[in-house]
Amino acid sequence: MNAPKKHVVSKTLERPTWRNTTIIRDNVIESVRALKAQPGKSILTDGSSQLIHALLAHDLVDELHLLLYPLTLGGGKRVLPTGVHATFGLRSAIHHIRAV
């Protein structure tokens, strides 16, 4: 985890745990736009539905890889935020069925 360049969006993290990490505290959308404008590989996100919703709302998501764990425990979180109508095409799907 130390080698690749990382950007962490956080208002509370004092200093990063891993080397080669930049903390983005403010202007998240502008910061991501600037990162996307740079040459290089894909930008990956993990673990923040709030961040993903903001990126989707500003048309900054090019591809989604979804791992869905369907549960019936109430309303839950939405994949796309209210008011965002993004169009993605399905490239592949893998179905795993596990009996409980």
Side-chain angles (χ1 to χ4, degrees):
M1 282 301 289
N2 281 315
K5 193 174 197 177
K6 294 163 286 303
H7 298 293
V8 176
V9 176
S10 176
K11 292 201 181 277
T12 59
L13 185 64
E14 294 293 325
R15 60 178 188 218
T17 303
W18 294 301
R19 287 181 300 210
N20 207 12
T21 300
T22 301
I23 299 173
I24 300 172
R25 297 187 193 286
D26 300 305
N27 304 317
V28 174
I29 299 304
E30 292 82 9
S31 297
V32 172
R33 276 200 182 105
L35 286 171
K36 285 185 63 136
Q38 295 177 10
K41 296 183 180 184
S42 298
I43 299 171
L44 307 174
T45 61
D46 183 29
S48 174
S49 62
Q50 286 181 308
L51 175 60
I52 296 301
H53 282 190
L55 297 176
L56 283 164
H58 289 88
D59 198 28
L60 291 171
V61 176
D62 300 316
E63 188 172 314
L64 289 172
H65 292 249
L66 300 174
L67 299 175
L68 302 176
Y69 300 95
L71 298 172
T72 54
L73 298 173
K77 292 183 179 181
R78 297 179 54 85
V79 173
L80 297 177
T82 303
V84 171
H85 302 284
T87 302
F88 293 96
L90 180 62
R91 293 172 85 192
S92 66
I94 300 172
H95 301 279
H96 295 280
I97 300 172
R98 183 177 77 169
V100 179

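Here the OG atom belonging to S49 is positioned 11.0 Å from the CG atom belonging to L56, to the nearest 0.5 angstrom. Between D46 atom CG and H65 atom NE2 the span is 12.5 Å, to the nearest 0.5 Å.
Contact detail for N20 and A3: the closest heavy-atom pair is ND2-O, 3.0 Å. Closest of all the heavy-atom pairs between R25 and K11 is O-NZ, 3.1 Å. Pairing each heavy atom of A54 with each of I29, the nearest pair is O-CD1, 3.8 Å.
Counting only distance, with no hydrogens or angles, the side chain of R33 and the backbone of L60 share no donor-acceptor pair below 3.5 Å. Panel note: side chain K6, backbone W18; no donor-acceptor pair is recorded below 3.5 Å.
Atom NZ of K5 has 12 or fewer heavy atoms from other residues, nucleotides or ligands within 6.0 Å. The local environment of CD in Q50 is sparse, with at most 12 non-hydrogen atoms from other residues, nucleotides or ligands closer than 6.0 Å.
Side-chain contact between H7 and I43 is absent, with no heavy-atom pair separated by less than 4.5 Å.
In the hydrophobic clustering of ILVMFWY residues, with side-chain heavy atoms under 4.5 Å counting as a link, L35 and L64 come out together. Note on V28: it does not cluster hydrophobically with I23, by side-chain heavy-atom contacts below 4.5 Å among ILVMFWY residues.
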